[in-house]
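The block underneath contains the structure these notes are about, expressed in structure tokens.
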Amino acid sequence: MEVLHETWLRIGRIGDVGLVERPEAYLFRMALNVAADRKQAEKRKLTDGEIATLRHMMDDVLDPERIAEARADMASLEDALNELTFARRYSCSPASRK
């Protein structure tokens with residue numbers, strides 16, 4: 001029923017399309033396009049499980065303890081990299097592998 005309603009609304013929005021040789025085929029094609037649009041829109045929606053997973057991930061990511069730990073890890077990595085010579089640091093970078 002939603003596709004029928006959306007098709008009716010689209011007909012109202014398009015205005016004058018001029019002479020249509022096969023109006024039944026025109027309306028059928030319009031309804032198929034509406035149905036295809038709806039199907040695509042449904043594919044883009046997240047399931048309840050996916051939403052719950054994302055919320056759980058956000059809770060983990062925003063945990064102050066994990067943020068502090070990650071910052072400490074990054075500082076340790078930066079210190080270790082700074083101890084390397086320039087040549088050694090460059091040879092370890094992804095850019096040197098191109």
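- No side-chain heavy atom of Asn33 sits less than 4.5 Å from a side-chain heavy atom of Thr7.
- The distance from the CG atom of Asp37 to the CG atom of Leu32 is 11.0 Å, given to the nearest 0.5 Å.
- Salt-bridge formation is not detected for the pair Arg66/Glu69: no Lys NZ or Arg NE/NH1/NH2 atom is positioned less than 4.0 Å from an Asp or Glu carboxylate oxygen.
- A distance of 10.0 Å separates OG1 of Thr53 from CG of Leu46, quoted to the nearest 0.5 Å.
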Please lay out, stage by stage, how Leu27 and Ile11 fare under the test side-chain contact (heavy atoms from CB on, under 4.5 Å). CA-CA 9 Å; Leu27 289 174; Ile11 290 169; 3.2 Å; yes
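- When the shell of 6.0 Å around CG of Asn82 is examined, it contains more than 12 heavy atoms from other residues, nucleotides or ligands.
- A distance-only check finds a donor-acceptor pair linking the side chain of Glu50 to the backbone of Thr47 [under 3.5 Å].
- Classification of Arg10 and Glu6 as a salt-bridged pair holds, one side-chain N sitting under 4.0 Å from a carboxylate O.
- Interatomic distance, CE of Met74 versus CG of Leu81, reported as 9.0 Å (0.5 Å rounding).
- Looking at heavy atoms from C-beta onward, Ile14 lies in side-chain contact with Met30 at the 4.5 angstrom threshold.
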